[in-house]
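Report on the structure given below.
Letters A, B, ... mirror the listed sequences (proteins, then strands); counts begin at 1. Keep in mind that the numbers below use all heavy atoms, side chains included, and drop hydrogens, waters and symmetry copies.
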Amino acid sequence: MFKIYNTLTSRKEVFKPLNRSLVRMYVCGPTVYDKTHIGHAKAYVAFDVLRRYLEFKGYNVLKVVNITDIDDKIIRKSIELKVDYREIADKYCKDFMEACEKLNIKRAHIYPKATEHIEEIINIIKELIEKGYAYESDGNVYFDVKKFKDYGKLSKINVEQVKPQDEGVGKRNPQDFALWKKAKPMEPYWDSPWGPGRPGWHIECSAMSSKYLGKQFDIHGGGEDLIFPHHENEIAQSEACFNKTPWVKYWIHVGLLMMGKDKMSKSYGNIITVEEITSKYSPMKVRFYLISGHYRSQMVFQEENLEATGAAYERILNTISTLKSISTIDVKVKDSSLKRIMNIGRIRRRFLEALDDDLNTPKAIAELHSLTNFANDEIIPNEDYPAARIALKVYEDAYRILGVFKEVFEEEEVREDKKLYELVNLLVTVRQIHRSRREWEVADLIARGLRSLGIELSDQKDKTIWWFKST
RNA sequence: GCCGGGGUGGCCGAGUGGCGAGGCAGCGGACUGCAGAUCCGCCUCACGGGGGUUCAAAUCCCUCCCCCGGCUCCA
């Protein structure tokens, strides 16, 4: 039974999709005006784990991640650099996609862009005006927060204490937020019933989510800094327009990545981009680091900690490689492996139970460590290949769900080339003969040669194991 | 100020009443042609401060202190 924390209700809830045959999720994607940094990555990885876990549990998942490709900052940058705003947006959109790919974040099914949904946005604004929730004022359109009685239910904020949102003139209440912004000179604009302008920040999410997911769906989320005003405003305009309550069943928010005392943010200028970090550490290690804390917790970025979890990660990879090597042995089982296999089963159960409890990845990873310990002091020394195979299945589950260990699980087919396999075995055996005769030069020549081909060797007590090393 | 989340051993990080999760680092051993990997032991009673409830509290209650986020663009 999968439980997940819902910001809307402030408690963990049993996950049950609105429609039993499909889970619909919408994640607030980036505003593409700068490079994707590891703070973003933490959030997107978290939602990727959620999506993968739901799929692992057998759900069909439809995931939409929006791209905000028009806003003040994009415009500002385009003016600064004297280039079309679309050039800026395209560049950083591409950067975002590359970052996701590196970190093994599965592609969303749809990446809708705000500028490609102006018509849908205008229609919603029109409807909100008709229903009396929004009003036009000198080319701008605002949402009247006083008309929406549930305003503040997500962020638990009292309307009165909200400071004015957006600048803007002719608002009924200072807290009203813009649905449509009148174009200023030199700004890109679209025609609308209220004159030339562009959509406000929040409205695109209502328009695009309803287009692709329907007027009510299961999961919506983003970083915890989006709770207010972004998500609060989305709820207001969507529930007012679609007449569905709750508009979204589960609101999920990810703890921010901190740099020392501040959150990592473009506006603080303390960002480390995904590109930078992955040029220094393998993307898989970065991903493993990002899920080493609970998704709802804030994490203070420390390079030393990344290195420490990276060391732990490597240990698991080594063990998986060794297990693979063991699993292909076809000798007699020394003694019954049933007990060991039962134990692996218990570990797997605890692993999944941890994830069932609000995606407790640190706990789940601890279970993987305990599997690793068990493999190293029980399975491997005993060459228990049936147990090795079962253990590998558990790591493979972890690969599917957590999206780590890609190095050792992808491209399996390629590696199962039988002749290549036999050939390497032959070389390793030959090397063993030389080793037993203490002919180190030949032995090392073979070892170096194999390593240069991406085949790792490890001399154990009475044998040599080997595996294909991924890049 | 208001709303939300936190403060756990050198570091990271689980744990919401009952035998000290797990990892990393460090130290000492074992194994070993080299290398890598691995194993064993040690770091064996840590839970922000102070009160309280209980046979029993990191965990519940009260109180104080500190940190972060939100209340402005933000993942």
My understanding is that a pair needs two contacts under 3.5 Å, Watson-Crick or G-U wobble. By that rule, which nucleotide pairs with B/G26? B/C42
If you only use heavy atoms from C-beta on, which nucleotide in B/C24, B/G69, B/C71 is closest to the side chain of A/Phe228? B/C71
Using the P atoms only, state how far B/C42 lies from B/U53, rounded to an integer number of Å. 38 Å
Closest nucleotide among B/C12, B/G69, B/C24 to the A/Asp262 side chain: B/G69
Consider the side chain of A/Arg315, meaning its heavy atoms from C-beta on, and name the nucleotide among B/C24, B/G33, B/G22 that approaches it most closely. B/C24
Within the 4.0 Å heavy-atom criterion, would you say A/Lys42 contacts the bases, only the backbone, or no part of the nucleic acid? nothing
Please report the distance separating the P of B/G18 from the corresponding atom of B/A35, rounded so that it comes out in whole Å. 48 Å
Residue A/Asn373, side-chain heavy atoms: nucleotide from B/C24, B/G33, B/G23 that is nearest: B/G23
Between B/C43 and B/A25, how far apart are the C1' atoms? Round to whole Å, please. 11 Å
Do A/Glu204 and A/Thr115 come close enough that some side-chain heavy atom pair is under 4.5 Å? no
For the C1' atoms, the ones on B/G69 and on B/U63, what distance do you get once it is rounded to whole angstrom? 25 Å
For nucleotides B/G28 and B/C67, find the distance between their C1' atoms and express it as a whole number of Å. 38 Å
Counterpart base for B/U72, defined by Watson-Crick or G-U wobble contacts under 3.5 Å: none
What's the closest nucleotide to the A/Ser267 side chain, out of B/G5, B/C73, B/C39? B/C73
Using a heavy-atom cut-off of under 4.0 Å over every strand shown, decide if A/Ala308 touches base, sugar-phosphate, or nothing. sugar-phosphate
For A/Arg431, report the nucleic acid contact type (base, sugar-phosphate, nothing); a contact means any heavy atom under 4.0 Å. base
Taking the side chain as C-beta and beyond, is there a heavy-atom pair between A/Tyr212 and A/His109 under 4.5 Å? no
Please check the phosphate of B/C2 (OP1 and OP2 only) for any side-chain N or O of A/Lys156 closer than 4.0 Å. no
Between atom CD1 in A/Ile320 and atom C1' in B/A37, what is the gap in whole Å? 15 Å
It should be established whether A/Asn360 places a side-chain nitrogen or oxygen under 4.0 Å from OP1 or OP2 of nucleotide B/A14. no
Which of parallel (below 30°), tilted (30 to 60°) and perpendicular (above 60°) describes A/Trp466 and A/Tyr421? tilted
Could you state the atom-to-atom distance from CG of A/Leu306 to P of B/A25 in whole Å? 14 Å
Assess whether a salt bridge exists between A/Asp358 and A/Lys363, defined as any Lys/Arg side-chain N lying under 4.0 Å from an Asp/Glu carboxylate O. no
Could you state the atom-to-atom distance from NZ of A/Lys285 to P of B/G23 in whole Å? 18 Å
When you compare B/C11 with B/A46, how far apart are their P atoms, in angstrom units rounded to a whole number? 15 Å
Here the distance between atom P of B/G22 and atom NE2 of A/His294, to the nearest Å, is 21 Å
With respect to the side chain of A/Ser297, which nucleotide from B/C68, B/A14, B/A37 is positioned closest? B/A14
Let's see if you can work this out: which of B/G13, B/U38, B/C12 has an atom nearest to the side-chain heavy atoms of A/Asn376? B/U38
Nearest whole Å is fine: how far is B/G13 P from A/Tyr313 OH? 19 Å
Testing B/C24, B/C68, B/G69 for proximity to the side chain of A/Ala311, the answer is B/C24
Atom P, compared across B/U72 and B/G51: separation rounded to whole Å: 41 Å
Quiz item: A/Lys73 side-chain donor-acceptor pair to B/C73 base, under 3.5 Å: yes
Only one of A/Asn66, A/Val64, A/Ile203 passes side chain to side chain contact (heavy atoms under 4.5 Å, CB included) with A/Met208; say which it is. A/Asn66
Check every atom of B/G22, B/A35, B/U38 against the side chain of A/Asp459 and return the nucleotide holding the closest atom. B/A35
Say you pick atom C1' in B/U16 and the same atom in B/C3; how far apart are they, in whole Å? 23 Å
For A/Met264, run the side chain to side chain contact (heavy atoms under 4.5 Å, CB included) check against A/Met299, A/Met259, A/His40, A/Met258 and tell me which one passes. A/Met259
Within the pair A/Arg296 and B/G13, is there a side-chain N or O less than 4.0 Å away from OP1 or OP2? no
With heavy atoms under 4.0 Å as the rule, sort A/Thr309 into base, sugar-phosphate or nothing. nothing
With respect to the side chain of A/Asp444, which nucleotide from B/G70, B/G5, B/C34 is positioned closest? B/C34
CG on A/Asn233 to CD on A/Gln175, rounded to 0.5 Å: 11.0 Å
Before accepting this row, confirm whether a basic side-chain N of the pair A/Lys147/A/Asp176 lies closer than 4.0 Å to the acidic partner's carboxylate O. no
Tell me what A/Ile227 touches on the nucleic acid: a base, only sugar-phosphate, or nothing, going by heavy atoms under 4.0 Å. nothing
